[in-house]
Structure formats: structure tokens, C-alpha cells
Asks: 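First, the structure itself, so that you have it in front of you.
Throughout, protein chains are lettered first and strands after them, A, B, ... in sequence-line order, and every chain is numbered starting at 1. None of the values given here were measured: they were computed from a predicted structure.
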Number of protein chains: 2
Amino acid sequence: MNILIIEDDRTISGLMGRTLTGAGYECGFAYDGEEAEELFDSHPWDLVLLDLMLPKVSGYDLLEYIAPSKTPVIIVSAMGQVNDRIRGLKMGADDYICKPFQVAELLARIEAVIRRTAPAEDVFEYRGVVVNNSSRTVTKDGEEVALTVKEFDLLNMLINNRNVALSRRQLYEYVWKEEYFGETRTLDNHIKRIRQKLGYEDVIKTVFGIGYRMEVA
Amino acid sequence: MNILIIEDDRTISGLMGRTLTGAGYECGFAYDGEEAEELFDSHPWDLVLLDLMLPKVSGYDLLEYIAPSKTPVIIVSAMGQVNDRIRGLKMGADDYICKPFQVAELLARIEAVIRRTAPAEDVFEYRGVVVNNSSRTVTKDGEEVALTVKEFDLLNMLINNRNVALSRRQLYEYVWKEEYFGETRTLDNHIKRIRQKLGYEDVIKTVFGIGYRMEVA
DNA sequence: AGCCTCATGAACATTCTTATCATCGAAGAC
DNA sequence: GTCTTCGATGATAAGAATGTTCATGAGGCT
């Protein structure tokens, strides 16, 4: 696994590097936006850690530059205003971590992102339901089921995190790319429709007080 | 292990420093809020000891600043500032200690916090009961047992402090994030339900006059 | 314009959770 | 042994979280 660390502060960059190397990843380092673009192009990366405050080329521009390649990105930023988090997610980042961070937290997030962006099987099958990612189609017992965009994304989030309890916030912010305040029943409605359409009433479990979990044997 | 001591009273700060150094920790010192922010950013810390009454930047602001990084925090507050303690816990602190404190107690709390904030095992297993943290599920002899949020959190607190007697106050304030007055039987009831659901009648021991202890071989 | 589909959130229904009370039983103090 | 304090238990009602229905409006398409 190759991870590109884009971070101008060498102390932090070094800390990240040591941590990740110790955990068995290989790392590349860029210390400003220009370097980052070059290094990004010169080599295939499995994941990018991106500091938003960079010299020369802004982190956001870089994110735009990286996004088309579908390489997963974790934003690393000083003190997280919510806006950065949301804006980052909107622009295609996969997760967000605040400096200063605990190394354990960094590793956990990296693993989580890799798990859920990774070779997301193109085809997921369970209980007669087939979800095909590249064609974005879903069938149940051979018959096509029409899912809307939001429903499809939400379903995918659940599938990629099967057997993990996801909070309402995580689900909402990941799918809607907006901050979650929790005062509407929108998420519930979408969950309901997915359950109905796929006959997944007992596959997508409610985790009371937390969120939802897709339970797959 | 690096511990950041944020405390404006140099006498106390010094005492803490000597104690912790003697116990094999490395310490950093900040004497007001501004200094604290800088020092916190400049170096990764494993734990922060935070006095809430600080010059320049309030302890609460600091706590807000620190919280996103998930670095464990122990609040150090003057005797009787109950509200501080609770508000601190609500804001994400992990424990608190009142001045004046016993050196031994300080060390004990630090060890306890480090132990329980350490990458808690995702899965705990004992006597046929399996507690899975990421999916937030519990099974007994293979069958799923439904625990409520409070029950689950309480169980986790006990597990993370296995074989240690925890006071009712600690348990209650940690799980409920409210002050414990001790005039209700709420905690008892939750303990009762956990014991019942998991068949842990003799695993979760009552420590008469103190609280409870989870006894695991 | 007229006809769709879809996301949304208000209002209401339902289910689940939790605090508290009253009562009983156990442990410790004397 | 008696008294006192503390813990256990079961029932219940208030409250919180989630589920469902439905009306609305935005936006796309013909």
C-alpha cells in the first residue's frame, strides 16, 4: 500500500511517515502543492493524506486535481471548522481528520477508508438482491429495481461498511454532503424505501440511539 | 508517554511534573491558555492534564480545541466545582481529579485513562458472551442480545476497567455525563439488566459501599 | 404548459428506553 | 441479635427516538 503524504509541516509529515511505515505502509512525501502534483502523477497511490493549508497550490485545487483519479483522500487540517469538513467531502474527499491527531486515530481512519473505498466489489449479492456498481443497477430475484441516486449511494455506504454500526451523522454527511443537524426524518425515509424495495426489512437493522447497520452473514 | 500539563499554579504544576517524571512519563508544561494551544499543536501528546481556571484562554475553549484530536483529557479542578466537572465530561474529557489530590490518586487516574482510551479491543469475549464494538452487537452463546445505549456504554466501561472496582460516581458520571447525587436506583437497575441479559450475575461483582467490579479471569 | 420523479419535512403513530418509586433482602455496625 | 444502611428487584409512566404517511415544491422531460 502506497500512501502519499502532502503536508508542509515537516514535524507532522515526519510523524505521519514514521507511523505509517511502522504499520507497514509505504510513503511518499510532498511539502507544497507543486511538488504534490508532480509526485501524484509520477506514481500510482492507494491513498492520499492532504493538508488543506499548503504553499503554492491550495489544498482545494489539489483536491480537484486528484478527484478524477478516484484515489481516496483523507483531508488533514488544523482545527476543523465544520465548513472544511463539508466542503472537503463535497469535493470528493473520503474522510477528515484534525490536527493534532492521535496516531491510533490516524491509522483507524486510514484503515476505514481503505476498507470502504477499496476494491468495492463491483457486484454485491445477498438474499436475491444483486447490486451492480459499474452499471449502477439493482435487481431483486432477477427483476430490476429502480433506486434513486440517494438511495443507491446510501445503500452502497451500508454495503461497504457491512456489519458495522454507522451513525446517522456519518450516513447523512457521506451521502448528502451536508452537515447533519438531525431534526428531520429524511434519512429514515430513504432507509425505509431501500428496505421496502429490496425486502431488506431485517437486513438493514436499526441501531437505536446510534444509526443503522447492514447485517450480512 | 508524553503528558501535557496545563496549569497556571506553578506549585501544583511542579508537583505534578515531578510525580509524573518519577513515574516514567515525559512532561510538557503550559501556564496559560495561549501557551497551551501552541504547545499542544507543536508535539503529539498521549494525555493532557487540564486545569479549567486559566489565564488568557478559558479551559473550556481549550477543551473544545483539544477534543477533536481525541487526545485523552483529565480535568483538574478545584474542590467543589461540580459544574466544571460535569461540563468537562460533557465536552469530552475522560476523567477529572479534584485539587488537592493525592499523588497516588493522580497516577492511578492517569493509568486508568490511558488503559481505557487505548485502542480498546474491538471484540471482547468471556463466558460465551461476545461484545463487538464496531457493530455494537452482543451475543450470548451465539444468540444476539439486545442492549440499549446506556447498557452498552456501561458494559464497556466495566470491560475497559476489568478487575478494577469502580465507584458508583465514576460509573454514573462517565456513562450519563451528569452529576451523581446517589439518591436514585438508576445505576442499579442498569447493572441488574446487564447481569440478567448476559448471565453475568457473578461476573459483575458488587463492591459494597463503593460500586461495582467486573471480574474476568 | 402538463406530466413525471424525487427529495423533503411536518404531523402523527409507534416502539423503545429510561428514571423513579415502593418494597424486599442482604451486609455491616454495635 | 437488633438496627441501620445499602443494594436488588419489578412495575410503571414519562420521554426520546424512530417509523409512516402525506403534501409540497423543485427540476427534468415531452
Asks: For A:Thr184 and C:dG9, is the shortest distance between a side-chain N/O and OP1 or OP2 below 4.0 Å?
Replies: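 For C:dG9, OP1/OP2 do have a side-chain N/O of A:Thr184 under 4.0 Å.
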
Asks: Quick check for you: among C:dA7, C:dA19, C:dT18, whose closest atom lies nearest to any side-chain atom of A:Arg193?
Replies: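 Nearest nucleotide to the side chain: C:dA7.
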
Asks: For the side chain of B:Thr186, counting heavy atoms from C-beta on, which of C:dT20, D:dG10, C:dA27 is nearest?
Replies: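 The listed nucleotide nearest to B:Thr186's side chain is C:dT20.
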
Asks: Between the side-chain atoms of A:Asn189 and the base atoms of D:dG19, is any donor-acceptor pair under 3.5 Å?
Replies: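 No.
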
Asks: Quick one: is the NZ or CZ of A:Lys150 closer than 6.0 Å to the six-membered ring centre of A:Phe152, and within 45° of its axis?
Replies: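 Geometry flag: not set, cation outside 6.0 Å or 45°.
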
Asks: Using a cut-off of less than 4.0 Å, is there contact between a side-chain N or O of A:Gln196 and OP1 or OP2 of D:dG19?
Replies: no

Asks: Should the pair B:Arg168 and B:Tyr180 be classed as cation-pi, given the thresholds of under 6.0 Å to the six-membered ring centre and 45° from the axis?
Replies: no

Asks: Please report, rounded to the nearest Å, how far the P atom of C:dA7 is from the CD1 atom of A:Ile191.
Replies: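 Atom-to-atom, A:Ile191 to C:dA7, this comes out as 13 Å.
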
Asks: Within the structure shown, what part of the strands sits under 4.0 Å from B:Glu178 by heavy-atom distance: base, sugar-phosphate, or nothing?
Replies: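 B:Glu178: no heavy atom of the nucleic acid under 4.0 Å.
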
Asks: With a non-hydrogen cut-off below 4.0 angstrom, is A:Arg195 in contact with a base, only sugar-phosphate, or nothing?
Replies: sugar-phosphate

Asks: May I have the distance from B:Asp153 (atom CG) to C:dT18 (atom C1'), rounded to whole angstrom?
Replies: 14 Å

Asks: For B:Tyr180 and C:dT20, give me the distance from atom OH to atom P, rounded to whole Å.
Replies: 12 Å

Asks: Below the 4.0 Å mark, does D:dG7 have OP1 or OP2 next to a side-chain nitrogen or oxygen of B:Arg168?
Replies: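 Yes, B:Arg168 has a side-chain N/O under 4.0 Å of OP1/OP2 on D:dG7.
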
Asks: Once you apply a heavy-atom cut-off of 4.0 Å, does B:Phe152 come out as touching a base, just sugar-phosphate, or nothing?
Replies: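 Nothing, no nucleic acid heavy atom in range.
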
Asks: Just by distance, no angles: are the side chains of A:Tyr65 and A:Asp41 close enough, under 3.5 Å, to form a donor-acceptor pair?
Replies: yes

Asks: Do we see a donor-acceptor contact under 3.5 Å between the side chains of A:Ser135 and A:Asn132?
Replies: yes

Asks: What is the distance, to the nearest angstrom, from the CZ atom on A:Arg169 to the C1' atom on D:dA17?
Replies: 16 Å

Asks: Quickly work out the B:Arg185 CZ to D:dC6 C1' distance and round it to whole Å.
Replies: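 Distance check: B:Arg185 CZ to D:dC6 C1' gives 7 Å.
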
Asks: For C:dT18, does OP1 or OP2 lie under 4.0 Å from any side-chain N or O of B:Trp176?
Replies: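 So the side chain of B:Trp176 is outside the cut-off, no N or O lying under 4.0 Å from OP1 or OP2 of C:dT18.
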
Asks: How many whole angstroms separate atom CZ of A:Phe181 from atom P of C:dG9?
Replies: 11 Å

Asks: Separation of B:His190 atom NE2 from D:dA8 atom C1', in whole Å?
Replies: 14 Å

Asks: Any side-chain to backbone donor/acceptor pair from A:Ser69 onto A:Thr71? Under 3.5 Å, distance only.
Replies: yes

Asks: Return no unless some side-chain N or O of B:Thr148 is found under 4.0 Å from OP1 or OP2 of C:dC16.
Replies: no

Asks: Check whether any side-chain nitrogen or oxygen of B:Tyr212 sits under 4.0 Å from OP1 or OP2 of D:dA8, and answer yes or no.
Replies: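 For D:dA8, OP1 or OP2 has a side-chain N or O of B:Tyr212 closer than 4.0 Å.
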
Asks: Taking NZ from A:Lys192 and C1' from D:dC22, how many angstroms apart are they, rounded to a whole number?
Replies: 10 Å

